[in-house]
Amino acid sequence: MNFLRKHWYDIGGILAILVLAYIYVDFKSLSHYQLLMWLSLVSLFFHQLEEYRIAGTFPGMINTAIYHSDIPDRYPLNPNTSLYVNVIVGWLFYFLAAVFAEKAVWLGLATIVVSIGNIIAHTFLFNIKGKTLYNAGLITSLLLFVPCIYFFFSIVYEDHLIKAKDYFIGVPLGIVLNVIGILKLIDWMADKNTKYVFEQRNLLSRDRNH
């Protein structure tokens, strides 16, 4: 379990490649909507990889810029919380949205609402709070989430896939996932005495032990 806490995002990067391989092999048999939902899952994997590995400073940015923590390597966001938020909540719902595809457009819409929340947070909230032009996760939000959102609505309207019930279920569920599955989970699992601590590379440069 400790290995997962430290490397779930690396595993996500590997899974992204596997999903892309699956798309390549089954491309002709996938509907436009199915293709989009699998690519949406891939976009999530790459987004998390940017946050925790490539740039890697997302935990420190959240704890310092948003929560003004004096112990940004563990509070309020810690590696255990990150695992639950990103894997159990994020991976699960994006994966199910791809698997059920047209059978549960409301589920796909819920994940799109989560992606919209990420775009707003990374583009505006995090940069304003952190007084920066870039934060870990911004590039994939703009280059991957934005196209997925655009093509989602293009496809569901062109192919007449979305119904009123999908909005009634999907939008509230997406909001719940953003609020309860991310924000509240961080609050509920916050522990200043936790044994789960982020590595120095996950902190903002000014907060590292130089």
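Keep in mind the model is a prediction, meaning the values are calculated, not measured.
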For the residue pair [X] and [Y], does the interplanar ring angle fall in the parallel (under 30°), tilted (30 to 60°) or perpendicular (over 60°) class?
X      : Y      : value
Phe153 : Tyr157 : parallel
Tyr33  : Phe152 : tilted
Phe95  : Trp38  : perpendicular

Do Asn118 and Ser115 get their side chains close enough for a donor-acceptor pair, meaning under 3.5 Å?
no
Does a donor on one side chain sit under 3.5 Å from an acceptor on the other, for Asn135 and His122?
yes
Ring centers of Phe168, Trp106 separated by less than 6.0 Å
no
For the ring pair His47 and Tyr52, is the centre-to-centre distance below 6.0 Å?
no
Once rounded to the nearest 0.5 Å, what's the spacing between atom CG of Asn202 and atom NZ of Lys6?
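The distance works out to 11.0 Å.
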Going through the checks in order, is the side chain to side chain donor-acceptor pair (under 3.5 Å) test met by Gln48 and Trp8?
CA-CA 9 Å; Gln48 294 167 336; Trp8 60 264; over 6 Å; no
Grouping I, L, V, M, F, W and Y whenever their side-chain heavy atoms are under 4.5 Å apart, do Tyr22 and Ile17 come out in a common cluster?
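No.
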Selection residues 185-197 - residue pairs positive for side-chain hydrogen bond (donor to acceptor under 3.5 Å, both in side chains), sequence neighbours left out:
Arg5-Tyr196
Would you say that Thr57 contacts Glu51 through its side chain, given a criterion of any heavy-atom pair below 4.5 Å between the two side chains?
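Answer no - side chains too far apart.
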